[in-house]
> 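My structure is below; once you've seen it, I'll send some questions.
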Amino acid sequence: WMVGVDGGGLTKLLIPPNGAVIPIISPNGDRLTYVGSQGLRAHTMPFTPGKGVEPTELEGDGVDGKYFTPMDWSRDATRLAGYVAANNGRPAGVAVYDMAARKTRIVSSDLAWCVKWLPDDRRMIYFTRNGAELVVLDTVTGARTRVDVRLPAPSVADVFAFAPDGRTVYYGAARAEADIWIIERGTAGAREQ
């Protein structure tokens, strides 16, 4: 489904046979990618709301027995940034998918759930090490730069965004706290039957 920010224009996009997660619309608004709810195969389709267009599997999304999960379009809509996952669904590396070549290329063995392009469409940014490390990766040279940030808690690794100029990162952090209670079954006041 798609809806305007004002709550109007509710439009059904598609009914995928195997469910859909992580829908991403291309910057020029003409294509949609998503992953089936099993998390193994990426799909693409022309973005024509209300026209009943059928999605197709993203050809060439597998590499070395791993499956590509698209997370972000490049600004020129020629490539997708994402991660590759093993059959168990766990991340197994950071990758780029080339739309014209229909090919996935692993660019880092870092484990990341969410990968975004920086405005130059050359570098990617992602959290790794369970959200404790922010990395900028140059997809041309392979240079990996750890950004020195003082995170108050590990990032929620699969959701973050940054300002259009690429200079400010917005993320959520998770901090767990718990109390332990012990309940004992007492006999005081209990009646015998």
> Could you check whether any side-chain N or O of Thr139 sits under 3.5 Å from a backbone N or O of Arg122, counting only pairs where one atom can act as donor and the other as acceptor?
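Present.
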> Check step by step if side-chain contact (heavy atoms from CB on, under 4.5 Å) holds for Thr69 and Val84.
CA-CA 6 Å; Thr69 298; Val84 288; over 6 Å; no
> Is any side-chain heavy atom of Trp117 closer than 4.5 Å to one of Val96?
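They are in side-chain contact.
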> With a 3.5 Å distance limit and no angle check, can you tell me whether Thr104 reaches the backbone of Gly60 through a side-chain donor-acceptor pair?
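Yes; judged by distance alone, with no hydrogens or angles, the pair exists.
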> Are the side chains of Thr33 and Arg31 in contact, using a 4.5 Å heavy-atom criterion?
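No, their side chains stay 4.5 Å or more apart.
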> Kindly indicate whether the side chain of Leu80, heavy atoms from C-beta on, has any atom under 4.5 Å from the side chain of Met99.
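Yes - at least one pair of side-chain heavy atoms lies under 4.5 Å apart.
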> Can you give me the closest heavy-atom contact between Ala77 and Ser26, atom names plus distance?
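Heavy-atom minimum between the residues: CB-CB, 4.4 Å.
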> Determine, stepwise, if the pair Thr56 / Thr44 fulfils side-chain contact (heavy atoms from CB on, under 4.5 Å).
CA-CA 6 Å; Thr56 58; Thr44 186; 3.8 Å; yes
> When clusters are formed by joining ILVMFWY residues with side-chain heavy atoms under 4.5 Å apart, either directly or through shared neighbours, do Val147 and Val169 land in the same one?
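Yes, same cluster.
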> Side chains of Met71 and Ile22: does their closest heavy-atom pair fall under 4.5 Å?
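Yes, at least one pair of side-chain atoms sits under 4.5 Å.
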> Listed by chain and number, what are the side chain to side chain donor-acceptor pair (under 3.5 Å) partners of Arg102, not counting sequence neighbours?
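With neighbours one apart ignored, the set is empty.
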> Measure the spacing between CZ of Arg123 and OG1 of Thr145 and express it to the nearest 0.5 Å.
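Interatomic distance, Arg123 CZ to Thr145 OG1, rounded to 0.5 Å: 8.5 Å.
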> I need the minimum non-hydrogen distance between Asp165 and Arg167, along with the two atoms involved.
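Nearest pair, atom of Asp165 first, then Arg167: OD1-N, 2.9 Å.
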> At their closest point, which heavy atom of Val115 faces which heavy atom of Ala112, and how far apart are they?
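It is CG2-CB, 4.4 Å.
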> With a 4.5 Å limit on heavy-atom distance, are the side chains of Tyr34 and Pro70 in contact?
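With C-beta onward as the side chain, the pair stays apart.
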> How far apart are the closest heavy atoms of Asp61 and Ala42, and which atoms are they?
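For Asp61 and Ala42, the tightest heavy-atom pair comes out as OD2-N, 3.2 Å.
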> Under 4.5 Å between any side-chain heavy atoms of Val63 and Phe68, yes or no?
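Result no, sub-4.5 Å side-chain heavy-atom pair not found.
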> Could you check whether Arg144 pairs with Asp110 (Lys NZ or Arg NE/NH1/NH2 to Asp/Glu carboxylate O, under 4.0 Å)?
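Salt bridge: yes.
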> At what distance, to the nearest 0.5 angstrom, does CG of Leu58 lie from OH of Tyr67?
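Output value for this atom pair is 13.5 Å.
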> Dump the intermediate steps for side-chain contact (heavy atoms from CB on, under 4.5 Å) on Tyr126 and Cys114, then the final yes or no.
CA-CA 6 Å; Tyr126 53 87; Cys114 185; over 6 Å; no
> Going through the checks in order, is the ring pair (Phe, Tyr, Trp, His ring centres under 6.0 Å) test met by Phe162 and Tyr170?
CA-CA 6 Å; Phe162 55 89; Tyr170 301 92; 9.1 Å; no
> Check for a donor-acceptor pair, side chain of Asp121 on one end and backbone N or O of Arg75 on the other, with a separation under 3.5 Å.
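Yes: the side chain of Asp121 pairs with the backbone of Arg75.
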> Check whether any side-chain N or O of Trp73 sits under 3.5 Å from a backbone N or O of Ile24 as a donor-acceptor pair, and report yes or no.
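Present.
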> Which heavy atom in Leu118 sits nearest to a heavy atom in Gly166, and how many Å separate them?
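Closest approach of Leu118 to Gly166: CD2-O, 4.1 Å.
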> Examine distances only and state if a side-chain atom of Asp138 and a backbone atom of Ala143 form a donor-acceptor pair shorter than 3.5 Å.
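Judged by distance alone, no pair lies under 3.5 Å.
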> Hey, could you give me the CG/CD1 distance between Leu137 and Ile125, rounded to the nearest 0.5 Å?
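With rounding to 0.5 Å, CG (Leu137) is 11.0 Å from CD1 (Ile125).
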> Any side chain to side chain donor-acceptor pair (under 3.5 Å) involving residues 82-100? Give me the pairs, sequence neighbours left out, ordered by first then second residue.
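Those involving residues 82-100 do not exist here.
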> Begin from the C-alpha positions of Met124 and Val136 and carry the test side-chain contact (heavy atoms from CB on, under 4.5 Å) through to its verdict.
CA-CA 6 Å; Met124 308 168 131; Val136 173; over 6 Å; no
> Which atom names give the shortest non-hydrogen contact between Ala92 and Leu111, and what distance separates them?
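For Ala92 and Leu111, the tightest heavy-atom pair comes out as CA-CD2, 3.8 Å.
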> Tell me whether Thr78 contacts the main-chain N or O of Asp76 through its side chain, where contact means a donor paired with an acceptor under 3.5 Å.
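The answer is no, because no donor-acceptor pair under 3.5 Å joins these two groups.
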> Can you tell me how far NZ of Lys116 sits from CZ of Phe127, rounded to the nearest 0.5 angstrom?
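With rounding to 0.5 Å, CZ (Phe127) is 11.5 Å from NZ (Lys116).
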